[in-house]
Amino acid sequence: NAGVTQTPKFQVLKTGQSMTLQCAQDMNHNSMYWYRQDPGMGLRLIYYSASEGTTDKGEVPNGYNVSRLNKREFSLRLESAAPSQTSVYFCATHRGADRVAQETQYFGPGTRLLVL
Amino acid sequence: LAKTTQPISMDSYEGQEVNITCSHNNIATNDYITWYQQFPSQGPRFIIQGYKTKVTNEVASLFIPADRKSSTLSLPRVSLSDTAVYYCLVGDRGFNKFYFGSGTKLNVKP
């Protein structure tokens, strides 16, 4: 099992360009998340999807859109990239059972994005 | 949401026991406490989780007092490879969100 995979691993964009970060999981988890991590900082939640067909905003959703394509895939789109979006982006999954707090999240390897 | 507070950084030496304390004064009755470890250029990974008293696994121990307003992650006999950032999270049951905070950067010296 691959667990959580992210593509691409690294991307350079110019200001104003758009791109989509892909995340896929083979763990049959219901919930998926997108975080960003700026240098020397903790993770901040951008968007999450509690289950297939639903998405909700996290702490820092501005400038991003998401799509929960199916149970396996959760994409993050930057419509018009800005230098402030330079960061490492992590996708994570969670089983999403009723007793949510008892379960752990599983993270992908991250996508490093540089916006010039 | 239960907010967590941790020290920004800690230093230790190889072979020592390290205790990292996290404050979570507003923890809810059904919340669990989870600790993650993150190495540079990697995503966080689960270390340990608990609800009350003490939990121990092959990597760490987690001590939670009766009032559950704080918790302490204990790493026995750390090595250089334990140098990482450690995050304390309090589960937000029902809303399915997880907030990480800034974590504690542990630096283990030879």
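On a predicted model such as this, the values are computed, not experimentally measured, just so you know. All values below were derived from every heavy atom in this structure, side-chain atoms included, with hydrogens, water molecules and symmetry-related copies excluded. In what follows, chains carry the letters A, B, and so on, assigned in the order in which the sequence lines appear, proteins first and then strands, with residues in each chain numbered from 1.
Counting only distance, with no hydrogens or angles, the side chain of A/Y106 and the backbone of B/R45 share no donor-acceptor pair below 3.5 Å.
Among A/M41, A/R112, A/R44, the residue making the largest number of heavy-atom pairs under 4.5 Å with chain B is A/R112.
Only the side chain of A/Y35 comes within contact range of chain B, with at least one heavy atom under 4.5 Å from a heavy atom of that chain. Looking at B/Y87, only its side chain comes within 4.5 Å of chain A, counting heavy atoms on both sides. Neither the backbone nor the side chain of A/K9 comes within less than 4.5 Å of any heavy atom of chain B.
The cluster map of Ile, Leu, Val, Met, Phe, Trp and Tyr, joined by side-chain heavy atoms under 4.5 Å apart, puts A/F107 and A/V60 in different clusters. Residues B/V108 and B/I20 share a single hydrophobic cluster, defined by chaining ILVMFWY side chains whose heavy atoms lie under 4.5 Å apart. By the criterion of side-chain heavy atoms lying less than 4.5 angstrom apart, applied directly or through intervening Ile, Leu, Val, Met, Phe, Trp or Tyr residues, A/I46 is grouped together with A/V66 in one hydrophobic cluster. No single ILVMFWY cluster, assembled from side-chain heavy atoms under 4.5 Å apart, contains both A/V88 and A/V115.
Residue A/K71 places its NZ atom among more than 12 non-hydrogen atoms of other residues, nucleotides or ligands, all under 6.0 Å distant. Other residues, nucleotides and ligands place more than 12 heavy atoms under 6.0 Å from the CZ atom of B/F39.
Atom CG of A/L43 and atom CG of B/L89 lie 9.0 Å apart (nearest 0.5 Å). Rounding to the nearest 0.5 Å gives a distance of 8.5 Å between CZ of A/F90 and CD of B/Q42.
Across every non-hydrogen atom of A/T104 and B/F46, the tightest pair is CG2-CD1, 2.9 Å.
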